[in-house]
Asks: 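Have a look at the structure that comes next, please.
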There are 2 protein chains.
Amino acid sequence: MTSTADAALPAQERDPKPAQKQDHKQDHKPDHKPDRKQGRKRGIDRLIEILNYLHQNGQPQRPNDIAIGIGAPKSTVYEIVNRLVDEKILEPYDKDGRLFLGRKLHFFGTRYLEQFDLLRQAEPVVTALSKQTGETAQLCIIDSARYIVVLTHSGARHFKISSDLGQPIPLTWTTSGRLLLMGMSEQAIVDFIPPEDFTLPDGSQLPLADFLAEIDKAVADGYVSSKSVVDAYTRCYAAPITDHAGSCVATLCMVTPRGDDRRRRNQLRDTLLHHAADLTDSLGGKT
Amino acid sequence: MTSTADAALPAQERDPKPAQKQDHKQDHKPDHKPDRKQGRKRGIDRLIEILNYLHQNGQPQRPNDIAIGIGAPKSTVYEIVNRLVDEKILEPYDKDGRLFLGRKLHFFGTRYLEQFDLLRQAEPVVTALSKQTGETAQLCIIDSARYIVVLTHSGARHFKISSDLGQPIPLTWTTSGRLLLMGMSEQAIVDFIPPEDFTLPDGSQLPLADFLAEIDKAVADGYVSSKSVVDAYTRCYAAPITDHAGSCVATLCMVTPRGDDRRRRNQLRDTLLHHAADLTDSLGGKT
DNA sequence: AACCGCGTTCCGACATACTGGAAAACAGGC
DNA sequence: GCCTGTTTTCCAGTATGTCGGAACGCGGTT
């Protein structure tokens with residue numbers, strides 16, 4: 001099963017069905033065209049669909065499968081895919097013609113990491129935290145009103161708690177969400193979070209008042225430790241990384257199986273807080 | 001200055017001039033069109049150019065700069081760039097409108113790493129080697145008859161030996177090149193290496209016989225340690241990572257400033273060999 | 001051998017993505 | 001404020017990239 005940081009997605013199967021989405025054209029202009037039949041699409045869009053599809057699907061696919069998966073004409077997909085293979089943006093995976101994301105993407109991604117202080121500095125911290133505790137450690141941020149994991153390092157446990165790096169999840173579903181929203185007024189939070197995100201994965205509603213109270217407690221404690229909202233097996237720990245103004249730019253967190261005794265829980269919490277404070281310091285944040 | 005593993009590029013300035021290349025259409029068919037004026041290009045090509053440009057350039061740029069840099073119409077670049085920002089493939093960098101590679105690329109890149117045994121296993125080894133020695137450590141492979149660095153971890157030195165991850169370099173220029181070609185016949189090597197690659201960065205020619213002799217010695221020794229061919233400051237150490245058949249699939253290597261005494265050189269070599277053997281083992285290779 | 005399913009390649013036609021050029025917004029410098 | 005150079009946005013025309021559909025190739029089954 002697939003579990004994400006403090007927000008394990010409920011057995012989010014990687015089903016190969018069409019990537020239902022896009023069409024939310026956020027053009028700045030009114031877009032007078034009444035959304036004609038989604039006939040033809042341009043190459044760039046296809047390319048993006050292909051990459052996203054392979055990323056979400058997580059495993060090598062044949063051009064034909066990709067075409068079916070994203071609901072695009074085969075001829076188009078073959079065309080584009082060949083171009084991308086030339087560029088090493090995709091790479092052949094086996095002799096059956098399966099393809100996967102290519103090394104060029106790794107190079108691009110590395111450049112991205114180099115460029116950004118937060119991630120560059122956080123990377124060794126996440127690794128150290130994970131190594132030291134043997135648990136899965138992650139760095140999480142807010143991304144367009146959702147929570148996403150941006151760095152992850154798996155723990156030593158035999159059953160892998162893999163994380164869906166980069167998959168947006170409602171803030172309300174996550175332990176970290178309580179911390180990431182610190183400092184926002186009630187009104188701001190209501191405006192910020194999409195209303196549907198107050199529906200928890202089991203279908204129940206999270207009362208706003210409860211959520212606000214949890215945020216308050218999180219801020220007061222300086223960390224959160226709680227059972228995952230989205231699965232029955234994991235406990236999550238999260239600590240804030242703050243900037244010079246004291247607002248929370250990210251959280252450092254851990255995912256562990258439930259069932260640890262109080263002693264170990266405290267120990268994990270302390271280790272986490274220690275690393276989080278270090279990271280905040282080295283970023284010039286206010287501790 | 002910029003230095004790459006065992007092949008520091010000679011002050012390879014990152015000049016913002018047009019990316020002269022492509023046009024080598026390797027279509028399987030004769031391509032009857034006599035290569036018309038390079039008029040219009042498709043979106044996908046532009047997109048690739050943009051990403052490559054930002055990657056090679058290494059720093060955030062404005063859409064306008066990108067347009068100039070890749071020699072594309074501004075209107076086109078603005079169009080595409082906006083699309084990519086929506087997708088988080090590019091990201092705004094500052095309020096002057098500069099952009100850089102986006103987090104999505106990091107996510108894609110991570111998936112790539114997860115998927116491939118060699119890199120997944122090699123990553124902790126490279127890190128460990130670098131931490132233990134304080135030097136820059138890298139994993140290198142052959143990529144279309146050239147050498148490229150696929151993993152890197154900077155050493156603790158104050159002046160950063162940054163590496164051009166993913167930049168193809170002639171095998172002859174690199175220490176690792178001697179190892180990566182092990183097992184190939186003279187004829188195979190001649191056929192494989194582009195003739196122009198026997199010209200060293202200083203303009204001199206590398207005699208084939210010398211090169212072959214160096215390869216033989218490398219194989220016999222089981223490692224190479226030599227002064228970098230391409231700069232005057234560094235010494236490089238390389239050790240082979242072999243597969244079950246005993247052929248060299250990659251090299252683990254280190255870049256150090258010159259001037260270490262024999263004792264330390266031996267020590268570094270031993271550490272390197274130790275880690276390389278570990279990695280080969282864990283990949284099921286023949287030691 | 002002939003048949004079937006599946007993955008891949010080929011090809012012509014048309015909608016449209018890309019382009020050039022010009023206008024508009026912006027940023028300094030005087 | 002006014003002028004000058006730069007960056008960004010807008011727009012309409014046409015070269016061309018995308019699509020559908022058909023043909024091809026290959027492995028396995030009857």
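Every chain is numbered from 1, with letters handed out A, B, ... down the list of sequences.
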Asks: Output the rounded distance in Å from CG (B:Asn82) to P (D:dT8).
Replies: 10 Å
Asks: Take atom CG of A:Leu84 and atom C1' of D:dG17, then tell me their distance rounded to the nearest Å.
Replies: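 It works out to 15 Å between those atoms.
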Asks: Tell me, do B:Leu139 and B:Leu279 make a side-chain contact under 4.5 Å, heavy atoms counted?
Replies: yes
Asks: For the residue pair B:Gln187 and B:Asp191, confirm or rule out a side-chain donor-acceptor distance under 3.5 Å.
Replies: yes
Asks: Indicate whether OP1 or OP2 belonging to C:dT8 is found under 4.0 Å from a side-chain N or O atom of A:Tyr78.
Replies: yes
Asks: Write down the distance between NZ (B:Lys74) and C1' (D:dT9), rounded to a whole number of angstrom.
Replies: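 Interatomic distance, NZ of B:Lys74 to C1' of D:dT9: 12 Å.
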Asks: Just by distance, do the side chain of A:Asp243 and the backbone of A:Gly246 share a donor-acceptor pair under 3.5 Å?
Replies: yes
Asks: Taking the nucleotide of DNA chain C with the nearest heavy atom to each, does A:Asp96 or B:Val77 sit closer to the 5' end?
Replies: A:Asp96
Asks: Nearest-Å distance, CZ (B:Arg40) to P (D:dA15)?
Replies: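 Going from CZ in B:Arg40 over to P in D:dA15 covers 8 Å.
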Asks: Using heavy atoms to find the nearest nucleotide of DNA chain C for A:Ser75 and B:Ser75 separately, return the residue whose nucleotide is more 5′.
Replies: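 Its nearest nucleotide being more 5', the pick is A:Ser75.
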Asks: Mind calculating the distance between CG (B:Asp94) and P (D:dT7) to the nearest angstrom?
Replies: 13 Å
Asks: If we count only N and O atoms by modelled type, under 3.5 Å, do the side chains of A:Asn57 and A:Gln61 hold a donor and an acceptor together?
Replies: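 Judged by distance alone, the side chains do pair up.
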Asks: Between A:Arg120 and A:Asp117 (salt bridge meaning N to carboxylate O under 4.0 Å), is one present in this structure?
Replies: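 Yes, charged N to carboxylate O under 4.0 Å.
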Asks: Roughly how many Å is it from CD1 in A:Ile68 to C1' in D:dC19, rounded to a whole number?
Replies: 16 Å
Asks: Check the distance between C:dA27's P and B:Asn64's CG and give it to me in whole angstrom.
Replies: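 Result: 14 Å.
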Asks: Would you please confirm or rule out a distance under 4.0 Å between OP1 or OP2 of D:dT18 and any side-chain N or O of B:Arg42?
Replies: yes
Asks: Give a yes/no on whether any side-chain N or O of A:Arg46 is located under 4.0 angstrom from OP1 or OP2 of D:dG17.
Replies: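 For D:dG17, neither OP1 nor OP2 has a side-chain N or O of A:Arg46 closer than 4.0 Å.
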Asks: Take the protein atom CZ of A:Arg98 and the nucleotide atom P of C:dC6, then report the distance between them rounded to whole Å.
Replies: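 A:Arg98 atom CZ is separated from C:dC6 atom P by 15 Å.
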Asks: Taking the side chain of B:Pro73 as heavy atoms from C-beta outward, which of C:dG20, C:dG7, D:dG20 is closest to it?
Replies: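 That would be C:dG20.
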